[in-house]
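This report refers to the structure that appears directly beneath it.
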Amino acid sequence: MKKITEIVAALAEPIVKKHGCELWDVEYAKEAGGWYLRIYIDREDGVSLDHCEAISRELDPILDERDPIPDSYTFEVSSAGAERALKRPSDFQRFMGHLVEVKLYQARDGRKEYIGTLTGSGDDALEITIAGTARQFKKSDVANVRLRIG
């Protein structure tokens, strides 16, 4: 059985593309006692509120009809944001050379967070450069990687 996020991504992808955007991520999570379905979109020249509203209006009835989620939930469409999470190999390649924040599951050298320039990414590890020193992290040790501004 496909995960809810995979099903929703398949339903959302053509609608997002139709509006000139890219589907960045689909998230289904429980927060503050309620379930949230979030569609994150991106666009080279920026995402506007109009993009989010149009995609939401078109996708909402399709989700109601297909009913891939058994629980009640809050549905949101938003921009991936300037400090977006990097998850797919294509995300890491696209933002090679950019400033990122790496958060680890367990502390290494007394720290769980590292900020540096993304200088390498493979199947099992990623590398960032901090003040001229390359640091490598196993992807299995990394909780998340986000772009950083400034």
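In what follows, residues are counted from 1 in the order of the sequence shown. Note that this is a predicted model, so its numbers are computed, not measured.
Atom CZ of Arg66 sits in a sparse spot, with 12 or fewer heavy atoms from other residues, nucleotides or ligands closer than 6.0 Å. Counting heavy atoms of neighbouring residues, nucleotides and ligands inside a 6.0 Å radius, atom CD of Glu113 exceeds 12 of them.
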N/O donor to acceptor pairs below 3.5 angstrom from side-chain atoms of residues 142-150, sequence neighbours left out:
unit_1, atom_1, unit_2, atom_2, d
Arg146, NH1, Glu83, O, 3.0
Arg148, NH1, Glu101, OE2, 3.1

Acceptor/donor pairs from residues 121-129 side chains to any protein atom, 3.5 angstrom cut, sequence neighbours excluded:
unit_1, atom_1, unit_2, atom_2, d
Ser121, OG, Lys139, NZ, 3.3
Glu127, OE1, Gln136, NE2, 3.0
Glu127, OE2, Thr119, OG1, 3.0
Thr129, OG1, Thr119, OG1, 3.1

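Going from atom CG of Leu23 over to atom CD1 of Ile41 covers 9.0 Å, rounded to the nearest 0.5 Å. Residue Glu53 holds its CD atom at 14.0 Å from CD of Glu58, rounded to the nearest 0.5 Å. The distance from the CD1 atom of Ile39 to the CD1 atom of Ile55 is 9.0 Å, given to the nearest 0.5 Å. Going from atom OG of Ser79 over to atom CG of Leu49 covers 11.0 Å, rounded to the nearest 0.5 Å.
No side-chain heavy atom of Phe92 sits less than 4.5 Å from a side-chain heavy atom of Lys87. For the pair Trp24/Val16, no side-chain contact is recorded, criterion being any heavy-atom separation below 4.5 Å from C-beta on. Thr74 places none of its side-chain heavy atoms less than 4.5 Å from the side chain of Leu37. Asp109 has its side chain within reach of Arg135: a pair of non-hydrogen atoms, C-beta onward, lies under 4.5 Å apart. No side-chain heavy atom of Ile115 sits under 4.5 Å from any side-chain heavy atom of Ile130.
For Phe75 and Tyr36, the ring centers sit 6.0 Å or farther from each other.
The two residues His19 and Ala54 come nearest to each other via the heavy atoms CE1-CB, 3.6 Å. Here the closest non-hydrogen pair linking Arg43 and Cys21 is CD-SG, 4.1 Å. When all heavy atoms of Cys52 and Ser78 are compared, the closest pair comes out as SG-CA, 3.7 Å. Summarising the geometry of Phe95 relative to Leu86, their closest heavy-atom pair is CD1-CD2, 3.7 Å, with the distance given to 0.1 Å.
Salt bridge status for Lys103 with Asp141: absent, with no side-chain N to carboxylate O gap under 4.0 Å. Using a cut-off of 4.0 Å between Lys/Arg side-chain N and Asp/Glu carboxylate O, Arg38 and Glu31 are scored as salt-bridged. Between Arg84 and Glu22 no salt bridge is recorded (no basic side-chain N to carboxylate O distance below 4.0 Å). Using a 4.0 Å cut-off between a side-chain N of Lys or Arg and a carboxylate O of Asp or Glu, Arg88 and Asp91 qualify as a salt bridge.
Ile4 pairs in a side chain to side chain contact (heavy atoms under 4.5 Å, CB included) with only one of the listed residues (Val26, Asp71, Ile69), which is Ile69.
Cluster membership for Tyr40 and Leu63, using ILVMFWY side-chain heavy atoms within less than 4.5 angstrom, is not shared.
No donor-acceptor pair under 3.5 Å is formed between the side chain of Tyr73 and the backbone N or O of Ala29.
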ask   = Would Tyr28 and Lys3 satisfy side chain to side chain contact (heavy atoms under 4.5 Å, CB included), going step by step from the backbone distance to the final call?
value = CA-CA 10 Å; Tyr28 183 61; Lys3 290 176 28 179; over 6 Å; no

